[in-house]
Number of protein chains: 2
Amino acid sequence: MALEIPEVVIDRLPVYGRALDLLKQQGREVVNSQELGERLGVTPAQIRKDLSYFGRFGKQGRGYNVARLLDELNQILGLTREWSMVLVGVGQLGRAILAYDGFTPQGFRIIAAFDDDPNIIGTTVDGHLITSVDELAATLLERHAEIGIVAVPGATAQGVIDSMVASGVKAILNYAPIAAQAPPHVRIKDIDPVLALQSMTFYIKDQD
Amino acid sequence: MALEIPEVVIDRLPVYGRALDLLKQQGREVVNSQELGERLGVTPAQIRKDLSYFGRFGKQGRGYNVARLLDELNQILGLTREWSMVLVGVGQLGRAILAYDGFTPQGFRIIAAFDDDPNIIGTTVDGHLITSVDELAATLLERHAEIGIVAVPGATAQGVIDSMVASGVKAILNYAPIAAQAPPHVRIKDIDPVLALQSMTFYIKDQD
DNA sequence: GCTACATTGTGCGCGCGTGCGCAATCACGA
DNA sequence: TCGTGATTGCGCACGCGCGCACAATGTAGC
C-alpha cells in the first residue's frame, strides 16, 4: 500500500502535527479536515489524502480525535523518541542555535558543539563545552548522534558535511549558503534566508 | 510568452545565481548547463528549460557567459537594486540576524529593528538602535521598507505580521514557528528548522 | 569558406501531485 | 431501532512540471 510516499506529503505532516499540538493545548478533542485546512492554508482534501497514505485515523461524521491523530503522526515521523544532534560552528548563528528553546520540547537535543577557532574551543556556551572540530569523528564514536547541524561559513561547509557523513550522521541541517553534496542515504535540508529573499523580490519588484 | 512562470522555477534562479557568482569569482568566463547542473544537483535540461522562460542567454556549442547570465538573473529577480528590511524581535535569534553578514553583499539591508522588551528598547545592537514595536507603523511611514523579518515567539508573530502588512510591507521572512496568514499580495517565506528536522526523521528512523 | 563538433532551446510525452465528487460509514436523536 | 446529517476515505481525471530527444545554431579548426 504505502510503498512510495511523495516527499511533499512527508514535509506537510509536521505542519499538521504542530496545528494539532496547538489544538490539544487548547483542550480541543476533535477537529475535522475543513477547520484544520483553514488554519493551515491547505485544502481539506489535501489533508485527508495525505493521511490516507498511512491509515484511517478519522471517524465519518465527526472528524479526527486530536490527541490520537497527533500520536499517529509522531509515530509515523519517528518523533516518539529523542534525537541527538551535533553542532559545528559556534559563531553568532551557532550561538543562536544553541540558545534556541524550540528544539528540546520536540525531542531534538544538541549533545556536542564544535568549532575551529582556538579562542572559542574550551569555552562554555549555554552549558555546552565547545570542542575542536578535529575531534568530531572521535566524539561521534563514543557518543552517537543521528543529526548534524552545519553553521559554518560556506567555504568550509562541504568539508564539515563530508566529516559528518563519514562519522555516520544520517541527516544534516545545513545553514551554510552552499549547494551541499551528500550521498543518497544521508538526508539534507537547507536553511537559507538569502535564497528565500532573492526569490520573493521577483514578485514584489514591480508592485505599486 | 512568459505569462505564467512556475514558482519552483523562480525558487531555483537564486541557486543558479549563487553558483554563477562563485564561478565568476574563480575567473571562469563560460559554463555549460551540464557542469552547472552537476554542481547543483540539477539536470542540465532543467536549467535550460528554466532559463528559456526568460530568453535565450546561451550560445550553442559554447555554453553561457558567466558574467552575462549572472547579470540577466539579477535583472529578472530584481536584485540590481537595494532592498530595505525591518526586523521585529531582537532576542538571540534577532541578534544573530542583525549580525549576519550575508544579507548586505546581496543588497539586503536592515534599516530598523524593533522589540517589545523595555530592557532592550533604546539599546544599540550591531549599530542598530532598538525601537519599540509600537512605533513600527510610524517608522515605516517615514522610512520605507519593502521586506519584514519576523523573529518573535510564535504567540505574538501573527500580530507582528498583521502590523507589517498594514504598513505596506510587501514580503515577509518569517522565523516564527506558525502557519502565518497574509493577504495574497504579500509574499511570505517561512524559515523553520524544526519542521525540517521533523520531516527528515521520517527517512532515517528505520536505518541500520 | 567549409566541415565537424559541441551545446543550446524547445516540442512533446510521461508521471506525479492535487482536488473533485461520491459512496461508505459513523454519531446522534427520536 | 431506525433515520438523518455530517464527514471521512478514495477512485478518478485534470493539470503541471520534469526530462528526453532532436533540430537549430554557433564555434573552432583546417
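Side-chain atoms are counted along with the backbone in the values below, which use heavy atoms only and exclude waters and symmetry mates. Residue numbers start from 1 in every chain, and the chains themselves are labelled A, B, ... in the order their sequence lines are given, proteins ahead of strands.
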When you measure only distances, ignoring hydrogens and angles, does the side chain of [X] come within 3.5 Å of the base of [N] through a donor and an acceptor?
X	N	value
A:Lys49	C:dG17	no
B:Arg56	C:dG9	no
A:Arg48	D:dG11	no

Within this structure, what is the [atom1]-to-[atom2] distance between [X] and [N], rounded to whole angstrom?
X	N	atom1	atom2	result
B:Ile47	C:dG9	CD1	P	12 Å
A:Glu7	D:dG17	CD	P	18 Å
B:Phe54	C:dT8	CZ	C1'	17 Å
A:Arg68	C:dC26	CZ	P	13 Å
B:Tyr53	D:dG19	OH	P	12 Å
B:Leu51	D:dC18	CG	P	13 Å
B:Gln34	C:dT8	CD	P	9 Å
B:Leu69	C:dT7	CG	P	16 Å

Just to confirm, is there a sub-4.0 Å distance from OP1 or OP2 of [N] to any side-chain nitrogen or oxygen of [X]?
X	N	answer
A:Arg62	D:dG9	no
A:Arg12	C:dT18	yes
A:Gln46	C:dG19	yes
A:Tyr64	D:dA6	no

Of A:Gln60 and A:Ala45, whose nearest nucleotide on DNA chain C comes first from the 5' end?
A:Ala45
Could you name each residue pair satisfying side chain to side chain donor-acceptor pair (under 3.5 Å) that touches residues 83-96 of chain B, not counting sequence neighbours?
none
Is there a side chain to side chain donor-acceptor pair (under 3.5 Å) between B:Tyr175 and B:Asp190? Walk through the geometry before answering.
CA-CA 6 Å; B:Tyr175 283 84; B:Asp190 298 309; over 6 Å; no
Counting only side-chain heavy atoms from C-beta out, which of C:dT8, C:dG17, D:dA6 sits nearest to B:Ser33?
C:dT8
Side chain of A:Thr43 only, please: which of D:dC20, C:dA6, C:dG19 is the nearest?
C:dG19
Short side-chain donor-acceptor distance under 3.5 Å, B:Gln158 and B:Gln181:
no
Answer yes or no: does atom CZ of A:Arg28 have more than 12 heavy-atom neighbours from other residues, nucleotides or ligands under 6.0 Å?
yes
For A:Lys59 and for B:Val8, find the nucleotide of DNA chain D with the closest heavy atom, then tell me which residue's nucleotide is more 5'.
A:Lys59
Salt bridge (charged side-chain N to carboxylate O under 4.0 Å, His left out) with B:Lys59: which residues, sequence neighbours excluded?
none
